[in-house]
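First comes the structure, then the notes that go with it.
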Amino acid sequence: MKVASIRGFFVVCCLLALCDSTSAALVSFNLTAFKALKMHPTPFPHIIVRNFIPPDVLAAVNRDFPPSLAAPVQLHGQDGTKKNLEEEELIQRGEVFGAYKQLLDDARSDEMRDVLSKVLSIKLGKLSKFTRVTLRGYCDPCLGKIHVDAKAKLVSWLLYLNEEPLQGEDDAGNLRLMKRGDLQSTVKVVPSSQGTLLAFKNNLAPKHGWHGFTSYTGPRRAIQVNYQTAVVNGKRRRFY
């Protein structure tokens with residue numbers, strides 16, 4: 001057996017062992033889906049897993065979904081732009097509890113970080129100094145501006161929480177992964193509902209990681225987790 005083959009077999013075995021040891025602790029996620037995690041290289045390194053949150057868990061999460069996120073009238077920033085709520089804001093309001101709280105705990109856990117670190121081949125435990133969790137609930141309407149994430153974000157990943165597929169025409173509201181900063185370069189359309197997991201690497205050269213979605217109005221529930229090298233707070237940024 002060639003050395004490369006032996007190394008690849010060893011990596012797979014380690015990943016399966018890690019998934020077996022952590023999946024029991026992460027009760028919000030589909031245990032079988034952990035073993036299906038696979039990195040896809042095009043248009044940039046990413047993972048997509050449908051039904052990563054089982055339907056019964058997803059139903060419970062939506063039952064306990066925070067009212068501030070579910071409301072059609074959402075909070076806006078001082079400049080009038082849509083504001084994604086930070087986890088701490090909802091905790092202070094007493095709106096994080098039950099199955100939704102369990103999902104957040106599992107999402108920000110070291111176990112989940114370690115699994116994604118293995119699959120995406122990046123040492124998040126060593127490189128990431130800050131985990132940011134932002135929460136979304138409704139578009140009134142909103143446009144998923146085509147962009148690449150900040151360099152401080154090593155890995156971005158999302159869980160989509162709508163129980164039913166988004167109802168927008170031409171995949172409106174569903175996130176698109178692109179080669180360049182235009183919709184014509186779309187390589188994949190990610191079903192942004194029904195417990196889908198999307199994770200991707202940032203901060204690679206050349207500039208890559210273009211993503212966004214077309215204008216959509218209606219519930220679009222999601223949790224986003226970023227593993228970062230810096231704490232970003234408004235215009236202030238503290239690097240490690």
Side-chain angles (χ1 to χ4, degrees), residues 26 28-29 52-53 57-58 60-113 116 124-125 127-145 147-162 173 175 192-193 195-203 209 211-213 216 218-240:
L26 303 179
S28 300
F29 304 139
F52 191 72
I53 305 174
V57 176
L58 190 59
V61 167
N62 279 281
R63 178 197 65 210
D64 297 336
F65 198 77
S68 292
L69 290 176
V73 178
Q74 297 281 282
L75 294 179
H76 289 72
Q78 293 180 352
D79 59 355
T81 58
K82 176 159 289 297
K83 179 183 178 184
N84 297 322
L85 290 181
E86 303 287 338
E87 180 182 9
E88 291 78 7
E89 295 179 74
L90 287 179
I91 291 175
Q92 291 173 2
R93 298 180 188 191
E95 295 187 22
V96 177
F97 56 87
Y100 190 82
K101 180 181 184 303
Q102 182 64 58
L103 179 63
L104 289 181
D105 289 345
D106 288 346
R108 67 154 48 253
S109 68
D110 290 344
E111 290 85 356
M112 187 63 187
R113 181 201 63 199
L116 293 176
L124 291 172
L127 299 174
S128 175
K129 303 301 180 182
F130 175 65
T131 301
R132 183 186 182 194
V133 180
T134 52
L135 314 170
R136 298 97 184 272
Y138 198 93
C139 289
D140 61 346
C142 58
L143 174 66
K145 181 180 178 182
H147 67 287
V148 294
D149 285 351
K151 290 185 177 181
K153 299 178 180 180
L154 297 168
V155 167
S156 300
W157 68 277
L158 301 102
L159 292 167
Y160 294 104
L161 307 180
N162 284 41
L175 195 73
S192 303
S193 60
T196 295
L197 162 76
L198 167 68
F200 55 92
K201 293 172 73 172
N202 295 305
N203 204 20
H211 59 283
F213 59 90
Y216 178 77
R220 190 177 184 275
R221 299 180 173 186
I223 292 172
Q224 177 169 317
V225 181
N226 299 111
Y227 302 122
Q228 302 183 184
T229 59
V231 177
V232 180
N233 182 13
K235 294 182 179 180
R236 299 179 62 187
R237 181 173 297 179
R238 184 166 71 252
F239 288 94
Y240 292 85

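Just so you know, these numbers use all the heavy atoms, side chains as well, and skip hydrogens, waters and symmetry mates.
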In Å and rounded to the nearest 0.5 Å, what is the [atom1] to [atom2] distance from [X] to [Y]?
X	Y	atom1	atom2	answer
Leu158	Thr134	CG	OG1	7.5 Å
Leu198	His211	CG	NE2	8.0 Å
Ile53	Leu103	CD1	CG	4.5 Å
Tyr216	Ser192	OH	OG	10.0 Å
Lys201	Leu116	NZ	CG	12.0 Å
Leu124	Leu154	CG	CG	6.5 Å

Counting C-beta onward and ignoring hydrogens, is there a side-chain heavy-atom pair between [X] and [Y] closer than 4.5 Å?
X	Y	result
Thr131	Gln228	no
Glu87	Val225	no
His147	Asp149	yes
Leu26	Ser109	yes

### Query
Will you find, in the side chains of Arg93 and Ser68, an N or O donor that is under 3.5 Å from an N or O acceptor?
yes

How far apart are the closest heavy atoms of [X] and [Y], and which atoms are they?
X	Y	result
Tyr160	Ala222	CD2-CB, 3.9 Å
Asn226	Ser156	ND2-OG, 2.7 Å
Ala71	Tyr138	O-CB, 3.7 Å
Arg136	Phe65	O-CZ, 3.6 Å
Glu86	Glu89	N-OE2, 2.9 Å
Trp157	Ala199	CB-CB, 3.4 Å

Is a side-chain donor or acceptor of [X] paired with a backbone partner of [Y] at a separation under 3.5 angstrom?
X	Y	value
Asn162	Pro219	yes
Arg220	Gly173	yes
Asn62	Leu161	yes

### Derivation and outcome, side-chain contact (heavy atoms from CB on, under 4.5 Å), residues Asn202 and Val148
CA-CA 8 Å; Asn202 295 305; Val148 294; over 6 Å; no

#### Entry: Contacts of Asp105 that satisfy salt bridge (Lys or Arg N to Asp or Glu O under 4.0 Å) - sequence neighbours left out
Lys101

#### Entry: Steps toward side-chain contact (heavy atoms from CB on, under 4.5 Å) verdict (Lys129, Thr229)
CA-CA 5 Å; Lys129 303 301 180 182; Thr229 59; 5.6 Å; no

### Message
Here's one to test your reading of the geometry: is the NZ or CZ of Arg113 within 45 degrees of the ring axis of Tyr227 and under 6.0 Å from its centre?
### Response
no

